[in-house]
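Notes follow the structure.
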Amino acid sequence: QVQLVESGGGLVQAGGSLRLSCAASGRPFRNYGMGWCRQAPGTEREFIAAVNWDGGTTYYQDSVKGRFTISRDRAKNTVYLQMNSLKPEDTAVYYCAADRIAFGTIRSRWASEASYDYWGQGTQVTVSS
């Protein structure tokens, strides 16, 4: 059974930090690109960061660039999202997702929901002002 399980969300004050984790199982996720997206109430899902299958290249939306860092531990099948300098507008449910193509190049499609075929259940991040 394929599973992605996020953890690490919570309530934090503006300017604070959180580290999200996504533990993957059920297929060799070490061979797949991984992404993080978020969805706030009343808004569309937004992909904010991704890492390619070998961990060598990362991608970020401008809204989080310089504040968030995506990384992965391929041996542990785990992807992380370190979030610093959090803002109230970062409040959302955060999801991790797995690329549908093993050893795929995600450079041109990492921000497209259609690129991913497995999703976690999400973890809530709330940033108070």
Side-chain angles (χ1 to χ4, degrees):
Q1 181 183 0
V2 175
Q3 262 193 319
L4 300 178
V5 180
E6 302 97 337
S7 61
L11 173 64
V12 64
Q13 287 189 332
S17 298
L18 284 173
R19 188 195 196 202
L20 306 184
S21 299
C22 171
S25 61
R27 77 175 184 188
F29 282 98
R30 67 177 68 86
N31 299 331
Y32 291 79
M34 299 291 292
W36 284 96
C37 65
R38 65 186 182 186
Q39 188 168 24
T43 68
E44 293 185 354
R45 192 173 294 185
E46 173 194 29
F47 269 88
I48 55 172
V51 59
N52 70 343
W53 67 269
D54 65 359
T57 308
T58 56
Y59 308 91
Y60 298 95
Q61 283 290 359
D62 287 345
S63 58
V64 305
K65 198 173 294 184
R67 299 188 298 124
F68 292 10
T69 303
I70 187 171
S71 61
R72 69 187 303 164
D73 185 330
R74 296 180 70 225
K76 295 182 179 179
N77 272 346
T78 301
V79 179
Y80 305 97
L81 186 68
Q82 177 67 43
M83 306 187 296
N84 298 329
S85 302
L86 282 161
K87 305 175 182 180
E89 52 263 44
D90 294 319
T91 295
V93 178
Y94 284 69
Y95 303 87
C96 65
D99 188 12
R100 61 177 63 251
I101 302 173
F103 305 108
T105 300
I106 61 172
R107 181 181 60 187
S108 62
R109 58 184 179 84
W110 71 270
S112 170
E113 194 167 324
S115 296
Y116 303 89
D117 61 352
Y118 286 104
W119 301 77
Q121 83 290 349
T123 185
Q124 176 71 46
V125 172
T126 303
V127 184
S128 63
S129 56

Heavy-atom closest pair, residues [X] and [Y]:
X	Y	result
Ala114	Arg100	O-NE, 2.8 Å
Ala50	Ile106	CB-CD1, 3.8 Å
Pro88	Ala14	CD-CB, 4.1 Å
Cys22	Trp36	CB-CZ2, 3.7 Å
Ala24	Leu4	CB-CD2, 3.3 Å

Under 3.5 Å, is there a donor-acceptor pair between the side chain of [X] and the main chain of [Y]?
X	Y	result
Gln121	Val5	no
Tyr60	Ile70	yes
Asn52	Thr57	yes
Thr91	Val127	yes
Glu6	Gly122	yes
Gln3	Gly26	no

Do the side chains of [Y] and [X] get nearer than 4.5 Å, heavy atoms only?
X	Y	answer
Leu86	Phe68	yes
Met83	Val125	yes
Leu11	Gln124	no
Tyr80	Asp73	yes
Arg109	Asp99	yes
Glu46	Ser63	yes

Check against side-chain contact (heavy atoms from CB on, under 4.5 Å), Trp110 and Gln61: CA-CA 10 Å; Trp110 71 270; Gln61 283 290 359; 3.8 Å; yes

Presence of salt bridge, Asp62 and Lys65, under 4.0 angstrom: yes

Hphob cluster co-occupancy, Leu20 + Ile48, side-chain heavy atoms under 4.5 angstrom: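 Linked within one cluster.
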
hydrophobic_cluster_shared for Leu81 and Val64, side chain cutoff 4.5 Å: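 Same cluster.
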
Steps toward side-chain contact (heavy atoms from CB on, under 4.5 Å) verdict (Val79, Cys96): CA-CA 8 Å; Val79 179; Cys96 65; 5.8 Å; no

Pair Tyr118 and Tyr32, ring centroids less than 6.0 Å apart: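 No, the ring of Tyr118 stays outside the 6.0 Å limit from the ring of Tyr32, centre to centre.
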
Asn84 and Ser17: side chain donor to acceptor below 3.5 Å: yes

Which residues share a side chain to side chain donor-acceptor pair (under 3.5 Å) with Tyr94, sequence neighbours left out: Arg38

With sequence neighbours excluded, residues passing side chain to side chain donor-acceptor pair (under 3.5 Å) with Gln39: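 In terms of side chain to side chain donor-acceptor pair (under 3.5 Å), with neighbours along the sequence ignored, Gln39 is linked to no residue.
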
Nearest-0.5 Å distance that lies between atom CH2 in Trp53 and atom CZ in Arg72: 9.5 Å

Neighbour count >12 (heavy atoms, 6.0 Å) for atom CZ, Arg107: no

Audit row: Phe103, Asp54, side-chain contact (heavy atoms from CB on, under 4.5 Å) steps and yes/no: CA-CA 8 Å; Phe103 305 108; Asp54 65 359; over 6 Å; no

